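Below you'll find the structure, written out as structure tokens, and then a few comments.
Here the structure is a predicted model, which is why all the values come from computation and not from measurement. One is the number of the first residue; the rest follow in order along the sequence.
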Amino acid sequence: QVQLVESGGGLVQAGGSLRLSCAASGSIFSINAMAWFRQTPGKEREFVGWIRWRHGSTYYRDSVQGRFTISRDNAKNTGYLQMNSLKPEDTAVYYCAAGSRATPYRAEYDYWGQGTQVTVSS
């Protein structure tokens, strides 16, 4: 089992930045990928990006490419989502997820954080 605890959400003005953290504990050895998803009311949870836990390679959805950066600190068992140049349409609850392979499909991830609200004001 893996437990994920997120932190770092909040309210920011458009153009600002936030960094989300996702601390993992438990069976860390089983994690090969960590991903970030987001969800707004009435919509499906959508993929934001993933990082391969050991190699550090990343992949993002088009709308956040160049603005968001996913990283990880293996020593701290923590993943990060750095969000720059935030837009009102980035407002959502953000979730981190961990699984055995890097994929944009939420059903492939076995473990989820509790979610953290990010609100971007115009």
Side-chain angles (χ1 to χ4, degrees):
Q1 290 290 325
V2 174
Q3 294 78 42
L4 302 175
V5 178
E6 300 178 45
S7 60
L11 173 65
V12 64
Q13 289 187 333
S17 299
L18 278 176
R19 188 177 81 158
L20 307 184
S21 300
C22 179
S25 61
S27 303
I28 306 298
F29 62 87
S30 67
I31 297 177
N32 289 320
M34 178 176 282
W36 291 87
F37 290 77
R38 64 188 182 186
Q39 189 170 22
T40 54
K43 294 189 177 180
E44 292 191 353
R45 194 169 298 185
E46 69 176 17
F47 169 76
V48 174
W50 53 245
I51 185 166
R52 288 195 169 97
W53 196 247
R54 293 172 181 78
H55 302 142
S57 56
T58 56
Y59 177 78
Y60 305 92
R61 70 180 296 114
D62 288 347
S63 61
V64 307
Q65 179 74 45
R67 300 189 297 123
F68 290 12
T69 302
I70 298 173
S71 61
R72 88 277 187 251
D73 184 332
N74 293 97
K76 295 182 179 180
N77 295 328
T78 299
Y80 303 97
L81 176 64
Q82 176 68 44
M83 303 183 291
N84 298 329
S85 302
L86 282 161
K87 304 175 181 179
E89 52 263 42
D90 294 317
T91 295
V93 177
Y94 283 71
Y95 298 88
C96 63
S100 59
R101 67 186 192 106
T103 165
Y105 305 110
R106 61 184 185 273
E108 300 273 357
Y109 290 90
D110 301 312
Y111 308 104
W112 291 84
Q114 80 280 11
T116 186
Q117 177 70 47
V118 171
T119 302
V120 184
S121 63
S122 57

Legend entry - L4: hydrophobic cluster co-members (side-chain, 4.5 Å): V2, V12, L18, L20, I28, I31, M34, W36, V48, I51, W53, Y60, V64, F68, I70, L81, M83, L86, Y94, Y111, V118, V120
Inset, instruction - Give a yes or no on whether the backbone of K76 and the side-chain of T78 come within a donor-acceptor separation of less than 3.5 Å. - result: yes
Legend entry - Test salt bridge (Lys or Arg N to Asp or Glu O under 4.0 Å) applied to R106 - qualifying residues, sequence neighbours left out: E44
Legend entry - Side-chain donor-acceptor contact under 3.5 Å, N32 with S100: no
Legend entry - Under the side chain to side chain donor-acceptor pair (under 3.5 Å) test, residues paired with D90 that sit two or more places apart: R38, R67
Inset, instruction - Quick one: pull up OG1 in T58 and CD in Q65 and give me the separation to the nearest 0.5 Å. - result: 7.5 Å
Legend entry - Closest non-hydrogen atom pair, A92 against Q117: O-NE2, 3.4 Å
Legend entry - All pairs passing salt bridge (charged side-chain N to carboxylate O under 4.0 Å, His left out) where residues 107-117 contributes a residue, at least two apart: R101-E108
Legend entry - Rounded distance [0.5 Å steps], NZ in K87 versus OG in S63: 7.5 Å
Legend entry - Exam field: side chain E6 to backbone G115, donor-acceptor pair closer than 3.5 Å: yes
Inset, instruction - Any pair with a residue in residues 53-64 that passes salt bridge (charged side-chain N to carboxylate O under 4.0 Å, His left out), sequence neighbours left out, goes on the list, sorted by first then second residue, please. - result: E46-R61
Inset, instruction - Calculate, to the nearest 0.5 Å, the distance between atoms OG and CD belonging to S27 and Q1 respectively. - result: 7.0 Å
Legend entry - disulfide (SG to SG under 2.5 Å) contacts in which one or both residues fall within residues 52-122, not counting sequence neighbours: C22-C96
Inset, instruction - Kindly assign one of parallel, tilted or perpendicular to the pair F47 and F37, based on the angle between their ring planes and the thresholds 30° and 60°. - result: perpendicular
Inset, instruction - Any chance you could lay out the side chain to side chain contact (heavy atoms under 4.5 Å, CB included) test for Y109 and W50, step after step, and finish with the verdict? - result: CA-CA 11 Å; Y109 290 90; W50 53 245; 3.9 Å; yes
Inset, instruction - Please report the shortest heavy-atom distance between A14 and P88, naming the atom on each side. - result: CB-CD, 4.1 Å
